Student: 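Before I ask anything, here is the structure I am working with.
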Amino acid sequence: MSVNDKQYRVKVFDLVKAIPRGRVMTYGQIAMILGEGYTARTVGYVMHGADDGVPWQRVINSQGKISTGRLSIPVNLQQSILEQEGVVFSAKGKCDLEKYQWWPEGFEMEEEQPSLLN
DNA sequence: AACTTGACGAGGG
DNA sequence: CCCCTCGCCAAGT
């Protein structure tokens, strides 16, 4: 499996599509849930090619900040879309993950089971 | 094949 | 909270 495989990317997109409006997930979190073969960096790489229908704006970094820095996507754009969904950001551009981070059904921080979504 | 660059993340100062 | 260093791994040169 690699980022070039369709299935590899589809797993990421399917998970992202499951994120409810007004909630977010982090790159590392997604990598951890998908498990073997996935890392925060590869998830980020896959996300730059997200097609329509994928709520890409709901994926942020582990600090609760937007990390589209040097890309074609302006940071303010992603943040404003999220704010429009109800996510509140501090003046420094950080949101409270405790409050907005979303976990798939039956998946808790405590358990270390990376193979529920396969 | 070597080297640089990231939609990253954890840890230290 | 900011900045830096590393580990990470795929892409582009």
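Here is the naming used below: chain letters follow the sequence lines, and residue numbers restart at 1 for every chain. For clarity, every value in this text was computed on a predicted model and none was experimentally measured.
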Student: Would you sort out whether A:R23 and A:E85 count as a salt bridge (charged side-chain N to carboxylate O under 4.0 Å, His left out), showing the intermediate values?
Tutor: CA-CA 8 Å; A:R23 304 298 296 283; A:E85 297 188 352; over 6 Å; no
Student: Could you list, one pair per line, each protein nitrogen or oxygen that sits under 3.5 Å from a nitrogen or oxygen of nucleotides 10-13 of chain B, together with the distance?
Tutor:
residue : atom : partner : partner atom : Å
B:dA10  : OP2  : A:S62   : OG           : 3.4

Student: Within the structure provided, determine whether A:W102 and A:R58 are in side-chain contact (heavy-atom separation under 4.5 Å).
Tutor: no
Student: May I have the distance from A:M25 (atom CE) to B:dA7 (atom C1'), rounded to whole angstrom?
Tutor: 15 Å
Student: Would you mind reporting whether A:L15 and A:I33 have side-chain heavy atoms less than 4.5 Å apart?
Tutor: yes
Student: Do any N or O atoms from the side chain of A:N61 and from the backbone of A:Q63 form a donor-acceptor pair under 3.5 angstrom?
Tutor: yes
Student: Under 4.5 Å between side-chain heavy atoms, hopping through other hydrophobics if needed: is there a path connecting A:V10 to A:I19?
Tutor: no
Student: Could you state the CD1-C1' distance from A:I81 to B:dA7, rounded to the nearest angstrom?
Tutor: 14 Å
Student: Look at the side chain of A:Y27 and the backbone N and O of A:M47, then say whether any donor-acceptor pair between them is shorter than 3.5 Å.
Tutor: no
Student: Measure CE/A:M47 against P/B:dG6 and give the value in whole Å, please.
Tutor: 19 Å
Student: For A:K17, does the NZ atom have more than 12 heavy-atom neighbours from other residues, nucleotides or ligands under 6.0 Å away?
Tutor: yes
Student: Below 4.0 Å from chain A heavy atoms, what is the first contacting nucleotide of DNA chain C and what is the last?
Tutor: C:dC1 to C:dA11
Student: Write down the distance between CD1 (A:I66) and C1' (B:dC8), rounded to a whole number of angstrom.
Tutor: 14 Å
Student: I'd like to know if the side chain of A:Y8 pairs up with that of A:T42 as donor and acceptor (distance under 3.5 Å, no hydrogens or angles considered).
Tutor: yes
Student: Pull out every residue in residues 37-45 of chain A that has a heavy atom closer than 4.0 Å to any atom of DNA chain C, ordered by number, or say none.
Tutor: A:T39, A:R41, A:T42, A:Y45
Student: Taking all atoms of both residues into account, what is the closest heavy-atom pair of A:V87 and A:G22, and its distance?
Tutor: CG2-O, 3.5 Å
Student: Would you please say whether a donor-acceptor pair under 3.5 Å links the side chains of A:Q79 and A:Q57?
Tutor: no
